[in-house]
Amino acid sequence: MAEYEPWAASRAAEIIAVHAGQEGATLPILHALQQTFGYVPAQAIPQIAEALNLTRAEVHGIASFYHDFRSAPPGRHVLRLCRAEACQSLGADRLAAEVQARLDVDWHDTTGDGAVTLEPVFCLGLCAVGPSGMLDGKPLGRLDVARVKAALDAAR
Amino acid sequence: MTRVFISRDAASLALGADTVAAAVAAAGPVELVRTGSRGMFWLEPMIEVETPAGRIAYGPVQPEDVPGLHSAGLLTGGAHGLRLGRPEELAFLAAQTRLTFARCGVTDPVSLEEYRRHGGLKGLARAIEIGPAATITAVTDAGLRGRGGAGFPTGIKWRTAAEAKGPRKFIVCNADEGDSGTFADRMLMEGDPYCLIEGMVIAGLAVGATKGWIYTRSEYPHAAATFDAALVNARRAGLLGADVLGSGFAFDIEQRIGAGAYICGEETSLLDSLEGRRGQVRAKPPLPAHKGLFGCPTVINNVITLASVPVILAEGAAHYRDIGMGRSRGTMPIQIAGNVRHGGLFEAGFGLTLGEIVEDIGGGTLTGRPIRAVQVGGPLGAYFPPALFDTPFDYEAFAARDGLIGHGGVVVFDDTVDLARQARFAMEFCAEESCGKCTPCRIGSVRGMEVIDRILAGDRVDANLTLLRDLCETMKFGSLCALGGFIPYPVMSALIHFPEDFRRASALAAD
């Protein structure tokens, strides 16, 4: 489980300043902001634009292009389930539907108690041990509903 | 103290390798070495114990097996139901030709000493000795082609960049391994990162680049961490820096992390992403070798391409070229995945048939049902029926049957698969991941989903099938890159080899 800091413009400015000098700094900045705050706050967009001499529209365009960058904070735990073909061959679609029903969420949603955000992922490179997933960065293989539940229970 | 080896490859971790390692450490004093994986994932978590008779493997081990293993004499290679014997003698490993993955699963991946002791850095020493021109010639003569999927001759790419003029030149390693069914890049970065570093340094030396970049996908945090740890050690040992191993040549590597966009595995999108932009495809020409990263001459190669270079230099071009078939020379790490009993990485010379790969080596499906389809080459690869299992694993042979080997991923499906649904997924994936730059891909994929939905609903099936074929033609020939251009492969192969799946709804309506 990740601990995130509350939004603070001064903290964002610090992070941006650390990375702004490198070539192609946009992705490193966006990653660092998300690592700190759990998402890329909209308030950070003009700050990035200012630091990199880009327009706000350009920065928004970049942040929204990549699936990884969230525009809202996640739950206390992030569960990613693979939706790609190798995992499909072992019932990933059915597993995802069951997990969604059990947690009462759709993709990208967070459970009502704020505990778990469910995200789809297209391949974790765990294609020989599918269906696969990742909970807070920890890889999970040969998943079924019981193993997903056990992993979530252990994390909570 | 007895040395015990347990993989920390992400797939081994996914099966509980850390818990097993903790149980082994708690059971008695051992020197625990965390390695990459041998690539036999149905045997993971696997334990290997160093004995006078060589390493003895046990697997698949669960934490609760550990006390029993200890009583049976685990540390001296004692008999037990999970004892597999010497790993090199297991049929799956014994039948391979491990050149690129020779050290993977054997050594501690972040120990540069072990890398050296197991033959590492010989290739770089040779490249320094013979110089850039002869290095490029060796790579060309070896017949190495891009392992990312396109199969372009590596030596020609290097020569083009070497001859190009620019204020700076770059080596870019494409570690955005997004194809489902592939994990060779991940395994290599987690299991033998110095091999990739050595390959990148050799490439830099050959073309006159002083900086290398590696673009690693964010879905691979373990690979990124291991690679970063190796970079730190490589700098400390002078393998990277202002004077590489005393050669007078400067080279360093910086790792950047992607952000979940499949399209960034396409080389020009990757370059745009590295430059800090949306990962959108560039029109070619100019080739990246002329005008690549930040407008400078750039060699962009896949992880496995670069990691194949050290052995070519160390053992000579002929050693590599003499393996393989036709114009596909050397070895390919075939990744056997999906619904398969013996899933894992099988490095072999080109030329095995698809049937040998999935039935003999893979052992058929995990569910025990008959194989109905095999998708080769990731989400842009064709679905092959058993009738085409005689196709040899070779760039040209797959192309001749309207397929591609791509990055070497082989995904097995049993007879419960619905190929019309898989075709629909291909279009959905393309719509989700399209960079949006060209219309056939951006709009075509959405229209493709809609057309397949109508077919699945039994709505004017013949007319919509004609429309789907026409759409696939447009996407194939009108798209800017391989995403829109190749998505017709899975769709059309499903349609040609499994036509009955597209007529279920209309058959129901006729009943």
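No hydrogens, no waters, no symmetry mates; every other heavy atom, side chains included, goes into these values.
Closest non-hydrogen pair, Tyr66(A) versus Ala259(B), comes out as CB-O, 3.4 Å. Between Ser180(B) and Cys123(A), the shortest heavy-atom distance links the atoms CA-SG, 3.8 Å. Residues Pro139(A) and Leu13(B) come closest through the heavy atom pair CG-CB, 3.8 Å. Across Ala86(A) and Ala337(B), no two heavy atoms sit closer than the pair CB-CB, 4.4 Å. Scanning both residues, Gly125(A) and Phe183(B), for their nearest heavy atoms gives O-CB, 3.2 Å.
Only the backbone of Glu275(B) has a heavy atom closer than 4.5 Å to any heavy atom of chain A. Looking at Glu428(B), only its side chain comes within 4.5 Å of chain A, counting heavy atoms on both sides. With a 4.5 angstrom heavy-atom cutoff, Ile257(B) touches chain A via backbone and side-chain atoms both. Using a 4.5 Å cut-off between heavy atoms, Ser273(B) contacts chain A through both its backbone and its side chain. Contacts between Phe425(B) and chain A at a heavy-atom distance below 4.5 Å involve the side chain alone, from C-beta outward. Of the atoms belonging to Val410(B), not a single heavy atom falls under 4.5 Å from chain A. For Leu345(B), no part lies near chain A; criterion is any non-hydrogen pair under 4.5 Å. For Arg83(A), the parts sitting under 4.5 Å from any heavy atom of chain B are the backbone and the side chain alike. Only the side chain of Pro221(B) comes within contact range of chain A, judged by heavy atoms closer than 4.5 Å. Contact of Glu44(B) with chain A is not made at all, since no heavy-atom distance falls under 4.5 Å. Asp179(B) touches chain A through its backbone: at least one of N, CA, C or O sits under 4.5 Å from a heavy atom, while the side chain does not. In this structure, chain A has a heavy atom under 4.5 Å from the backbone of Ile336(B), while its side chain stays farther away. For chain A, no part of Leu293(B) is nearby; none of its heavy atoms comes within less than 4.5 Å. Only the side chain of Arg256(B) comes within contact range of chain A, with heavy atoms under 4.5 Å apart. Interface residue His222(B): only side-chain heavy atoms are found under 4.5 Å from chain A.
Side chain of Arg278(B) to main chain of Phe65(A): no donor-acceptor pair is present (N/O by atom type, distance under 3.5 Å, no hydrogens or angles).
Annotation: salt bridge (charged side-chain N to carboxylate O under 4.0 Å, His left out) contacts of Glu23(A) (sequence neighbours excluded): Arg168(B). Under the salt bridge (charged side-chain N to carboxylate O under 4.0 Å, His left out) criterion, Arg70(A) pairs with Glu119(A), not counting sequence neighbours.
A 6.0 Å sphere centred on NZ of Lys211(B) holds more than 12 heavy atoms belonging to other residues, nucleotides or ligands. Within 6.0 Å of the CZ atom in Arg56(A), the count of heavy atoms belonging to other residues, nucleotides or ligands does not exceed 12. Remark: Arg442(B) CZ is packed, more than 12 non-hydrogen atoms of other residues, nucleotides or ligands lying under 6.0 Å away. Shown here is Arg341(B), whose CZ atom has no more than 12 heavy atoms of other residues, nucleotides or ligands within 6.0 Å. Applying the 6.0 Å contact sphere to CG of Asp153(A) captures more than 12 heavy atoms from other residues, nucleotides or ligands. Within 6.0 Å of CD in Glu50(A) there are 12 or fewer heavy atoms belonging to other residues, nucleotides or ligands.
Of the listed residues (Ala426(B), Gly276(B), Gly436(B)), the one with the most heavy-atom contacts under 4.5 Å to chain A is Gly276(B). Highest contact tally toward chain A, considering only Gly344(B), Cys435(B), Gly409(B), is held by Cys435(B) [criterion: heavy-atom pairs under 4.5 Å]. Ranked by heavy-atom pairs shorter than 4.5 Å toward chain A, the options Met187(B), Arg217(B), Glu254(B), Glu177(B) are led by Arg217(B). Contact count against chain B (heavy-atom pairs under 4.5 Å) is highest for Leu124(A) among Leu124(A), Leu27(A), Leu143(A). The most heavy-atom pairs under 4.5 Å with chain A, out of Val411(B), Leu366(B), Asn339(B), come from Asn339(B). Ranking Pro379(B), Ala223(B), Gly16(B), Gly39(B) against chain A, the residue ahead of the rest is Pro379(B), based on heavy-atom pairs under 4.5 Å. Ranked by heavy-atom pairs under 4.5 Å with chain A, the list Glu432(B), Gln280(B), Gln335(B) is led by Glu432(B). Among Gly141(A), Cys127(A), Ala63(A), the residue making the largest number of heavy-atom pairs under 4.5 Å with chain B is Cys127(A).
Considering only heavy atoms from C-beta on, His67(A) comes within 4.5 Å of Glu433(B) through its side chain.
Using a 4.5 Å cut-off between non-hydrogen atoms, the part of residues 88-105 of chain A that approaches chain B consists of Gln88(A), Ser89(A), Leu90(A). Within residues 28-35 of chain A, the residues that have a heavy atom under 4.5 Å from a heavy atom of chain B are Pro28(A), His31(A), listed by number.
Between Phe429(B) and Phe122(A), the ring-plane angle classifies as perpendicular under the 30° and 60° cut-offs.
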